[in-house]
Amino acid sequence: MRRRDFVTGLTSVAAMATARGAPAEAALTIVVPDLPSGESGTAARVLQPYLERALSRPVILDFRPGAGGIVGLTGGAQAAPDGTTLTLLTPAVTLAPWLNRRMDCSPADFAPVGQVSFTPSALVVRSNGPSDTLPDLLARGASAGALAVAAWSDWSPPEVAQALLLARAAVSAHERNGLTTEADRLAGLLAGDIDLAFVSLDAALDPTVASWARALAVSAPARVARMPAVPSLRELGFDITIGAWRALALPAAAPPALVRQYGTVVRTVMANPSLGDELREVGLSPGWLDPAETRHALLDEYHAAGALFATLGLTVRKEMLGLRTD
């Protein structure tokens, strides 16, 4: 992008804010549904100085942890749509509405300005086990009648990825209780108590884990640079792209022009190689999607999760199943 176009975009953001009643010099607040030390809090702290420089405005991080992200996300959805408040969205906005009636917002309550990071999960098995590929693993599960997996606990993205894969492959699961953390799942896999585990990329790449485990797939739209030899689930015929992502969004009532202008600013910030390096240093994978792409990805994940939880008898919002707003 040419510097003149970028400066024009920044000026337009300020002008839009003024037109909606917010002074151009007003601070931008980002609602973060996490503690400062959490993954979302860390992402926000990395982004903050880059956004401040781009906007020439103070950026205040409003940390609102609680209820797995529900407190902060609900507060962000209810903010004034005047361009002075963004929310750092997390997978809780697509998953929690189906599981918890306290979650009073969904992707429809936000106007995304862009995804800033996406870190998929890796499906791993024991290197000395009987399955060298995902088709081998699924065929063995079908032949045996079920695959042994860790039982769900808090429906984190890795757990959702696992459940979606088994459902779409039509393979039954024999759930093992007590494996609630990533370390538990890896220990259970090493001991032979479970046949597979979905874990973070960092865990799968850890030299100790890599010495006995093999990654068969990643839950990403395509292969990832950190595991170039490992196919994506989509490549293997399963359109499952859930991961640990973060996106910035305005409230849904924000003017479309303001959404576009913020999208331009965040896109330019994300193109800075230094920001990408800093995100990777804290274990986050930069992953830019524009406003329209982000909205589509959120709605896809939201409705895929709703269908999954309905099949499992877990959803508390059956009345919303099948409804789309894109």
Side-chain angles (χ1 to χ4, degrees), residues 1-20 22 24 26-33 40 43-44 46-62 73 76-77 79-91 93-94 105-118 221 241 243 245-276 278-279 284-302 325-326:
M1 177 181 291
R2 293 176 300 175
R3 176 175 174 79
R4 183 176 63 184
D5 294 337
F6 178 48
V7 172
T8 300
L10 297 181
T11 303
S12 298
V13 169
M16 284 295 297
T18 302
R20 296 290 296 181
L28 170 66
T29 296
I30 300 180
V31 177
V32 184
S40 295
V46 171
L47 285 166
Q48 181 186 32
Y50 289 90
L51 290 170
E52 285 186 328
R53 288 193 291 269
L55 294 166
S56 297
R57 296 164 61 189
V59 173
I60 298 171
L61 302 182
D62 181 3
L73 292 169
D82 59 2
T84 61
T85 303
L86 293 173
T87 301
L88 188 66
L89 302 184
T90 73
V93 78
T94 62
C105 63
S106 74
D109 295 295
F110 294 96
V113 301
Q115 178 184 280
V116 296
S117 72
F118 179 88
T241 59
W245 54 264
R246 301 294 180 270
L248 289 167
L250 289 159
L258 187 55
V259 176
R260 289 193 296 271
Q261 296 296 343
Y262 264 115
T264 297
V265 172
V266 179
R267 179 186 66 194
T268 304
V269 167
M270 290 300 300
N272 188 326
S274 296
L275 174 57
E278 288 193 42
L279 288 172
L284 300 172
S285 299
W288 167 251
L289 292 178
D290 69 26
E293 292 169 331
T294 304
R295 176 176 173 76
H296 184 74
L298 264 61
L299 288 172
D300 273 357
E301 185 168 294
Y302 175 68
T325 57
D326 59 339

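Predicted model only: the values in this text are computed from it and were never measured.
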Asks: Using every non-hydrogen atom in the two residues, find where L88 and A43 come nearest and quote the distance to one decimal.
Replies: CD2-CB, 4.5 Å

Asks: Over all heavy atoms of both residues, which pair between P291 and G263 is shortest? Give the atoms and the distance, please.
Replies: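 Closest pair (atom of P291, atom of G263, distance): CG-CA, 4.2 Å.
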
Asks: For a 4.5 angstrom cut-off between non-hydrogen side-chain atoms, does T87 reach V93?
Replies: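 SC-SC contact between T87 and V93 ruled out.
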
Asks: Side-chain donor-acceptor contacts of residues 246-260 below 3.5 Å, not counting sequence neighbours, with atom names and distances?
Replies:
| residue | atom | partner | partner atom | Å |
| --- | --- | --- | --- | --- |
| R246 | NE | S40 | OG | 2.6 |
| R246 | NH2 | E39 | OE2 | 3.0 |
| R246 | NH2 | S40 | OG | 3.3 |

Asks: Give a yes or no answer on whether the side chain of D109 reaches the backbone of S106 with a donor-acceptor pair at less than 3.5 Å.
Replies: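 Looks like yes, one N/O pair under 3.5 Å.
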
Asks: With sequence neighbours excluded, tell me which residues meet side chain to side chain donor-acceptor pair (under 3.5 Å) with E278.
Replies: Y50

Asks: Has the side chain of R295 got a donor or acceptor atom that lies under 3.5 Å from a matching backbone atom of A111?
Replies: no

Asks: Please round to the nearest 0.5 Å and tell me the distance separating atom OH of Y262 and atom CG of L51.
Replies: 9.0 Å

Asks: Where is the tightest heavy-atom contact between T294 and L289, given as atom of each residue plus distance?
Replies: OG1-O, 3.1 Å

Asks: How far does OG1 of T29 sit from CD1 of I60, to the nearest 0.5 angstrom?
Replies: 4.5 Å

Asks: Mind listing the closest non-hydrogen atom pair of P33 and T90 along with its distance?
Replies: CG-CG2, 3.9 Å

Asks: Nearest 0.5 Å, please: how far is NE2 in H296 from CD in E301?
Replies: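 Separation between the atoms: 12.0 Å.
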
Asks: Search all heavy atoms of G83 against all heavy atoms of L28 and return the closest pair with its distance.
Replies: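 Heavy atoms only, the tightest pair is O-CD1, 3.7 Å.
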
Asks: Which heavy atom of D82 sits nearest a heavy atom of T85, and at what distance?
Replies: OD1-N, 4.5 Å

Asks: Are the side chains of L73 and L89 in contact, using a 4.5 Å heavy-atom criterion?
Replies: yes

Asks: Please tell me if the side chains of M270 and V266 come closer than 4.5 Å, counting only heavy atoms from C-beta onward.
Replies: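 Yes, close enough: below the 4.5 Å cut-off.
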
Asks: Rounded to the nearest 0.5 Å, how far apart are OG1 of T264 and CG of D290?
Replies: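 Between T264 OG1 and D290 CG, I get 9.5 Å after rounding to 0.5 Å.
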
Asks: Answer yes or no: is there a side-chain heavy-atom contact under 4.5 Å between F118 and S285?
Replies: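 Contact flag for F118/S285 side chains = no.
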
